[in-house]
Peer 1: 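Have a look at this one.
Proteins get letters first, then strands, A, B, ... in listed order; numbering begins at 1 in each.
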2 protein chains.
Amino acid sequence: MRPGEIDEIRKLPLFAAMLPENFDALFRGAYVQSFPPQIELIREGDPADFLHVVLESSVELFATWNNRESTMATVAPIATFILAATIKNGPYLMSARTLEKARVILLPSADVRKIFATDTGFAQAIILDLAQCYRSVVKSHKDLKLRTSVERLANYLLRKDQQAGEQGHFDLRIEKRRLASYLGMTAENLSRAIRTLNGYGVEIDGSQVRITDRKDLAAFAKPTPLIDDPKC
Amino acid sequence: MRPGEIDEIRKLPLFAAMLPENFDALFRGAYVQSFPPQIELIREGDPADFLHVVLESSVELFATWNNRESTMATVAPIATFILAATIKNGPYLMSARTLEKARVILLPSADVRKIFATDTGFAQAIILDLAQCYRSVVKSHKDLKLRTSVERLANYLLRKDQQAGEQGHFDLRIEKRRLASYLGMTAENLSRAIRTLNGYGVEIDGSQVRITDRKDLAAFAKPTPLIDDPKC
DNA sequence: TTAGGGTCTTGATAAAGATCAAGCGAGGAA
DNA sequence: TTCCTCGCTTGATCTTTATCAAGACCCTAA
């Protein structure tokens with residue numbers, strides 16, 4: 001681990017309220033590993049032996065069935081993933097792969113379970129983290145069931161613009177075919193959806209997005225905090 | 001509350017590990033209410049003032065957006081719902097309505113939050129409950145993104161048959177239009193999907209389902225515990 | 001008993017989305 | 001530089017799903 005990095009991790013909401021001796025014990029058993037791009041870190045169905053913390057680059061969570069594959073989420077540093085599987089001591093429900101060269105901390109799940117059973121601060125933080133994750137998936141589920149693919153794209157762009165400070169322009173920071181899979185459509189249909197949104201004040205050139213008429217886009221997208229506010 | 005009922009609630013996994021004095025304090029502030037059918041118990045967007053426990057009948061959780069509506073889940077007794085909103089002290093993400101005449105306990109969210117902050121046993125139970133809920137929604141999300149509507153129906157029938165003891169016949173116990181909404185399709189398409197499955201050993205007459213060739217159905221449905229096992 | 005309302009089913013049609021095939025264009029390797 | 005690869009786009013076509021309309025069925029209330 002790099003100097004100062006452990007302090008940054010200690011400040012993460014999930015770990016900040018732990019007793020210092022428990023934090024130290026947990027991270028004494030940690031492995032820090034570097035992975036090349038496109039490496040499968042975990043495979044769905046495998047036992048959840050480790051809780052993962054992404055330090056650098058980002059990680060894609062995806063699911064497969066019957067030779068089909070779908071991107072479920074991307075995890076950006078510094079954040080954990082697969083907390084629920086660790087807690088339930090169940091199999092991973094999703095696979096994870098690195099997108100670029102990535103550094104990840106592996107925390108033995110057994111240690112995590114042992115510690116949260118006695119450390120109240122840690123237990124509280126886990127509760128908040130899980131509640132947040134749960135609500136995120138519920139929002140994704142509503143997005144998918146209630147909206148068409150063009151509507152999902154429109155709202156995705158509004159969310160990203162807001163996260164980038166409502167500048168009216170930002171970088172997608174994700175390959176289009178992955179974005180398509182995340183949004184529940186094919187790459188071909190994403191291209192067409194982008195063209196449709198050209199008529200509502202959206203211009204996309206490569207990975208550069210420009211929102212020229214946010215009002216028009218919002219009138220089409222009809223965003224609601226109950227689906228689109230990540231903090232809600 | 002009826003005699004013995006409180007003891008049954010005390011045995012629920014979510015409450016069993018609480019300190020007795022905390023359980024008593026929590027339920028001193030409880031309201032038991034009876035509701036007629038088709039009553040909206042909570043509306044998405046409202047503040048989560050109460051944690052709900054369904055005692056009798058069942059409750060439908062649904063979401064709306066832009067004049068569209070979708071059934072997200074049904075809650076059968078005895079179980080709680082809207083735990084995550086209570087904990088986050090955030091707005092409900094889903095609405096809930098009674099399907100039949102129902103009895104529900106309302107526990108003030110503020111009391112729940114106060115108690116889980118100090119009661120370790122309760123906190124542990126909440127962690128397990130939330131992890132379970134989270135994994136359930138992830139499974140639903142995979143179901144929706146990776147499968148066609150006929151595949152979703154086929155797997156739904158296999159799950160229900162299994163829950164009914166693999167008798168090969170069971171009652172749907174849900175209106176078809178609600179089932180359609182839950183599975184992410186229209187009522188018309190559910191009818192057609194049923195006809196498609198007639199060719200794979202499924203007969204549905206009214207609400208009575210008969211699986212005449214489970215092997216054939218399973219070969220079509222390709223169930224996997226990573227989507228279809230509710231306990232996994 | 002009949003009338004009315006709701007659900008469910010069916011058929012015809014429309015829309016949304018997926019698939020297939022071809023070509024473009026940026027970036028990397030020889 | 002040229003060639004190759006890969007991601008992206010576009011058009012044509014097909015499949016899946018939704019919508020609209022009509023009729024069947026069932027339950028309930030007058």
Side-chain angles (χ1 to χ4, degrees), chain A residues 36-38 60 65-71 97 99-101 143-157 171-200 202-209 220-221, chain B residues 36-38 60 65-71 97 99-101 143-157 171-200 202-209 220-221:
Chain A
Q38 302 297 332
E60 176 188 21
W65 179 77
N66 194 25
N67 290 322
R68 296 169 212 168
E69 180 182 316
S70 183
T71 298
R97 70 163 73 92
L99 291 177
E100 308 143 40
K101 196 166 167 308
D143 192 44
L144 199 56
K145 283 188 92 174
L146 291 167
R147 288 172 170 163
T148 66
S149 59
V150 183
E151 289 165 346
R152 290 196 294 277
L153 173 62
N155 281 290
Y156 178 88
L157 295 174
D171 192 298
L172 275 182
R173 297 174 51 77
I174 183 176
E175 281 172 288
K176 289 207 176 111
R177 63 198 189 88
R178 269 181 233 287
L179 176 58
S181 177
Y182 173 70
L183 292 174
M185 59 177 113
T186 58
E188 293 95 324
N189 267 327
L190 174 58
S191 276
R192 291 180 189 113
I194 289 171
R195 278 240 296 233
T196 302
L197 292 184
N198 287 161
Y200 296 91
V202 173
E203 289 167 21
I204 301 186
D205 179 28
S207 68
Q208 293 304 307
V209 180
F220 172 81
Chain B
Q38 302 297 333
E60 175 188 20
W65 179 78
N66 195 25
N67 291 322
R68 298 169 212 169
E69 179 183 316
S70 184
T71 299
R97 69 163 73 91
L99 291 177
E100 309 143 41
K101 197 167 167 306
D143 193 43
L144 200 56
K145 284 188 91 173
L146 292 166
R147 289 171 170 163
T148 66
S149 60
V150 184
E151 289 166 345
R152 290 196 295 277
L153 173 62
N155 281 289
Y156 178 88
L157 295 175
D171 192 295
L172 273 182
R173 297 174 50 77
I174 183 176
E175 282 172 289
K176 290 211 177 105
R177 62 195 192 90
R178 269 181 234 287
L179 175 58
S181 177
Y182 173 70
L183 292 174
M185 61 177 108
T186 58
E188 293 94 323
N189 267 325
L190 175 58
S191 275
R192 293 186 253 268
I194 289 170
R195 278 241 294 234
T196 302
L197 291 185
N198 287 162
Y200 297 91
V202 173
E203 287 168 23
I204 301 186
D205 179 28
S207 69
Q208 292 305 307
V209 180
F220 172 81

Peer 1: Mind calculating the distance between CG (A:L190) and P (D:dG7) to the nearest angstrom?
Peer 2: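 Taking atom P of D:dG7 as the reference, CG of A:L190 is at 15 Å.
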Peer 1: For B:I204 and C:dT7, give me the distance from atom CD1 to atom C1', rounded to whole Å.
Peer 2: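 Interatomic distance, CD1 of B:I204 to C1' of C:dT7: 15 Å.
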Peer 1: What is the distance, rounded to the nearest whole Å, between atom CE of B:M185 and atom P of D:dT19?
Peer 2: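 Distance, rounded to whole Å: 14 Å.
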Peer 1: At under 4.0 Å between heavy atoms, what does A:E175 touch on the DNA or RNA strands: base, sugar-phosphate, or nothing?
Peer 2: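 Counting heavy atoms under 4.0 Å across all strands, the contact made by A:E175 is with sugar-phosphate only.
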Peer 1: What integer distance in Å separates B:K176:NZ from C:dG6:C1'?
Peer 2: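 Distance check: B:K176 NZ to C:dG6 C1' gives 14 Å.
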Peer 1: Answer yes or no: does atom CZ of B:R173 have more than 12 heavy-atom neighbours from other residues, nucleotides or ligands under 6.0 Å?
Peer 2: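 Not buried by this count: 12 neighbours or fewer within 6.0 Å.
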Peer 1: Which distance, rounded to the nearest 0.5 Å, do you find between the CD of B:E69 and the NZ of A:K145?
Peer 2: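 NZ of A:K145 is found 10.5 Å from CD of B:E69.
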Peer 1: Under 4.0 Å, counting only non-hydrogen atoms across every strand here, what does B:R195 touch: a base, just sugar-phosphate, or nothing?
Peer 2: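 The answer is sugar-phosphate, as B:R195 gets under 4.0 Å only of primed atoms, P, OP1 or OP2.
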Peer 1: Take the protein atom CD of B:E151 and the nucleotide atom P of D:dT15, then report the distance between them rounded to whole Å.
Peer 2: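 Checked: the CD to P distance equals 16 Å.
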Peer 1: Measure distances between side-chain N and O atoms of B:R192 and base N and O atoms of C:dG11, and say whether any donor-acceptor pair falls under 3.5 Å.
Peer 2: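 Between C:dG11 and B:R192, which were checked side chain against base, a qualifying N/O pair under 3.5 Å is present.
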Peer 1: Which whole-number value in Å describes the distance from A:R68 CZ to C:dA18 C1'?
Peer 2: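 The distance from CZ of A:R68 to C1' of C:dA18 comes to 11 Å, rounded to the nearest Å.
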Peer 1: Distance check, rounded to the nearest 0.5 Å: B:N66 atom CG versus A:L146 atom CG?
Peer 2: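 It comes to 9.0 Å.
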Peer 1: If you check every side-chain atom of A:R177, which of D:dG7, D:dT19, D:dT10 has the closest atom?
Peer 2: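 Nearest to the side chain of A:R177 among the choices is D:dG7.
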Peer 1: So, is A:T186 close to the C:dG17 phosphate, meaning a side-chain N or O under 4.0 Å from OP1 or OP2?
Peer 2: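 False: A:T186 side-chain N/O out of range (4.0 Å or more) of C:dG17 OP1/OP2.
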Peer 1: Can you tell me which nucleotide in D:dT19, C:dC8, D:dT9 comes closest to the side chain of B:S191?
Peer 2: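 Shortest atom-to-atom distance from the side chain points to C:dC8.
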Peer 1: Measure CG/A:N189 against P/D:dA12 and give the value in whole Å, please.
Peer 2: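 Rounding to the nearest Å, CG of A:N189 and P of D:dA12 are 16 Å apart.
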Peer 1: Looking at every strand, decide which applies to A:S149 at a 4.0 Å heavy-atom threshold: base, sugar-phosphate, or nothing.
Peer 2: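 Sugar-phosphate, no base atom in range.
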Peer 1: Distance check needed: D:dT9 P versus A:D205 CG, whole Å only.
Peer 2: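 Atom CG in A:D205 sits about 10 Å away from atom P in D:dT9.
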Peer 1: Could you check whether the side chain of A:E188 and the base of D:dC8 have a donor-acceptor pair of N or O atoms closer than 3.5 Å, going by distance alone?
Peer 2: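 No, no donor-acceptor pair under 3.5 Å.
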Peer 1: Give a yes or no answer on whether the side chain of B:D205 reaches the backbone of B:V209 with a donor-acceptor pair at less than 3.5 Å.
Peer 2: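 Here the side-chain-to-backbone pair does not exist.
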Peer 1: Examine the side chains of B:D171 and B:Q208 and answer whether a donor and an acceptor come within less than 3.5 Å of each other.
Peer 2: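 Judged by distance alone, the side chains do pair up.
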